[in-house]
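Contents: one structure, followed by commentary.
Nothing fancy with the numbering, it's 1 onward along the sequence. One-based numbering, in listed order, for ligands and for the atoms of each.
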Amino acid sequence: MQKIINYIDGNYCEPLSRKWLDNYNPATGEVYSTIANSNAKDIAKAYEAAKAAFPGWSNTSIEERSKILLKIATLIEKRLLPLAEAEARDNGKPLSLALAVDIPRASSNFRFFGNAITQFASEAHESIGLGTMNFTLRQPLGVVGCISPWNLPLYLFTWKIAPAIAAGNTVVAKPSEVTPMTAFLLGEICTEAGLPKGVLNIVHGTGPSAGQAIVAHPNIKAISFTGGTATGEHIARTAAPMFKKLSLELGGKNPNLIFADCDYDKMLAITVKSSFANQGQICLCGSRIFVEQSIYEKFKKDFITKVEQLKIGDPFDAKTDMGALVSKPHLEKVQSYIALAEKEGGKILSGGKPVKVAGFEKGYYLEPTIIEVYDDQCRVNQEEIFGPVVTIMPFTTEEEALQMANGVKYGLSATLWTADLNRTMRMSKKIEAGIVWVNTWLNRDLRTPFGGMKDSGVGREGGFEALRFFTEAKNVCIKYE
Ligand code: NDP
């Protein structure tokens, strides 16, 4: 059975504990590889490698750093199929999705930051009258930690690593123990691209052990974390007394606001995707759908029809729209929310049951589920489920829609469907979310700031925001005569 081992100082190595975790294929429910169960000793070893690499890497020219990042991007592109297959097997997502989204985006992350670093400028301020010239030095932080979740494994892992190393830092990174495979494969790509040893160190293991050791390490200067809000809170508590820089991209419960004046057919097609893409396991999925009363009954009928056409099955079948959920515990968590919805008085309009896929009977499949709710404050409408479950509810006025959209503790993204430009502006200003999509969803330009408000996170990544996060701004003030 294949062993997923650490990549430290440019070499693959077993965990010092010699302990292993099982890695499941969600489509079959079977163990297909084992993962290094690393602990604080492995993190300390990775830190030492990163520390030793820092002086060389931070003094490497921008051109050279950029060249290596672009080479990594090209190598990921060349390995599109094997990487996409690895992602689909590890995560349960349709291979078609990994081929179209996950792996191309991982490559784009390296390409984007390989180019962005060549354009990253700092500011200068001349104080005329005082006779001083200020300029801002933007220096890399040192060794930084990157921790990513299981839903978009290589996509989010590289979203952090690429800007961190582009800016001249060295990295200790941990992917989710639930989906470690593509992060494991990234090591050999980095070696082939000529990334100096120790610049990127990838350590596998559980959150409470390996992840916690990264956050608690006194000399790891910054943590870029994507994951759940409760974990983010724990990380903040651990890191705050050490005054580490923190970027936290956390959970969401995103509203999808549908007005009667929208382009109905386009809205309907995209709403099916924004609800159930990646089995609903995208932090940006629109899991609370609010529809203007005048089109509510029509939308309900059409939405159910379209959703019931989705094909659930083997991630490797090209006709599959939805694969398996990522793990058994996660499937059980999602099912518990469906049961809760019924207890709370919600009405299951479609789905709600596990699916037995022929030949894959032990896989973690679940029907796409639509729940009509009558109170936007009920728990299924307030808590992040992070699976193929959406709630729907009508609204009558713009004010009511806005109140319901903002009536949660989260504030990651929102989608607005309307043809009214004035409403677009009014609502965009008032919606409490880091990202507002209007008449589209998941449209991403990597130059734009990305992140959440309220309990969805702290800080922004993307574009120069990420390069600012991974650098220390130092003002130099020169007096001249
Ligand atoms: P978790 O918070 O459980 O885990 C995220 C990562 O943190 C994993 O690598 C995990 O390791 C690790 N981890 C867990 N505990 C600790 C700890 N004490 N110290 C350090 N690291 C730790 O999230 P999930 O993996 O379940 O991902 C789903 C969540 O991620 C959802 O809430 C989703 O909304 C959010 N998310 C947010 C995004 C955003 O951009 N805002 C994007 C994508 C997802 P391990 O898995 O090995 O336990």
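- Atom 10 (C) of ligand 1 has as its closest protein heavy atom Lys174 NZ, 4.0 Å.
- Considering backbone and side-chain N/O atoms, Thr229 never comes within less than 3.5 Å of an N/O atom of ligand 1.
- Distances between N or O atoms of Trp150 and those of ligand 1 include at least one value under 3.5 Å.
- Listed by first and then second residue, the ring pair (Phe, Tyr, Trp, His ring centres under 6.0 Å) pairs involving residues 11-33 are Tyr7-Tyr12, Tyr12-Phe184 (not counting sequence neighbours).
- Among the atoms of Glu177, some N or O lies under 3.5 angstrom from an N or O of ligand 1.
- For atom 4 (O) of ligand 1, the nearest protein heavy atom is 4.0 Å or more away.
- Ranking protein heavy atoms by distance to atom 12 (C) of ligand 1, first place goes to Ile147 CG2, 3.7 Å.
- Protein heavy atom nearest atom 27 (O) of ligand 1, with residue, atom name and distance: Pro149 CB, 3.3 Å.
- With hydrogens left out, the protein atom closest to atom 31 (C) of ligand 1 is Glu384 OE1, 3.5 Å, a heavy atom.
- By the salt bridge (Lys or Arg N to Asp or Glu O under 4.0 Å) test, Arg444 is found to be paired with no residue, residues two or more places apart in sequence or in another chain being considered.
- Contacts of Ser148 with ligand 1, taken as heavy-atom pairs under 4.0 Å, involve the backbone alone.
- With respect to the salt-bridge test (charged N to carboxylate O, under 4.0 angstrom), the residues Lys160 and Glu249 do not qualify.
- Residue Pro175 places a heavy atom less than 4.0 Å from ligand 1.
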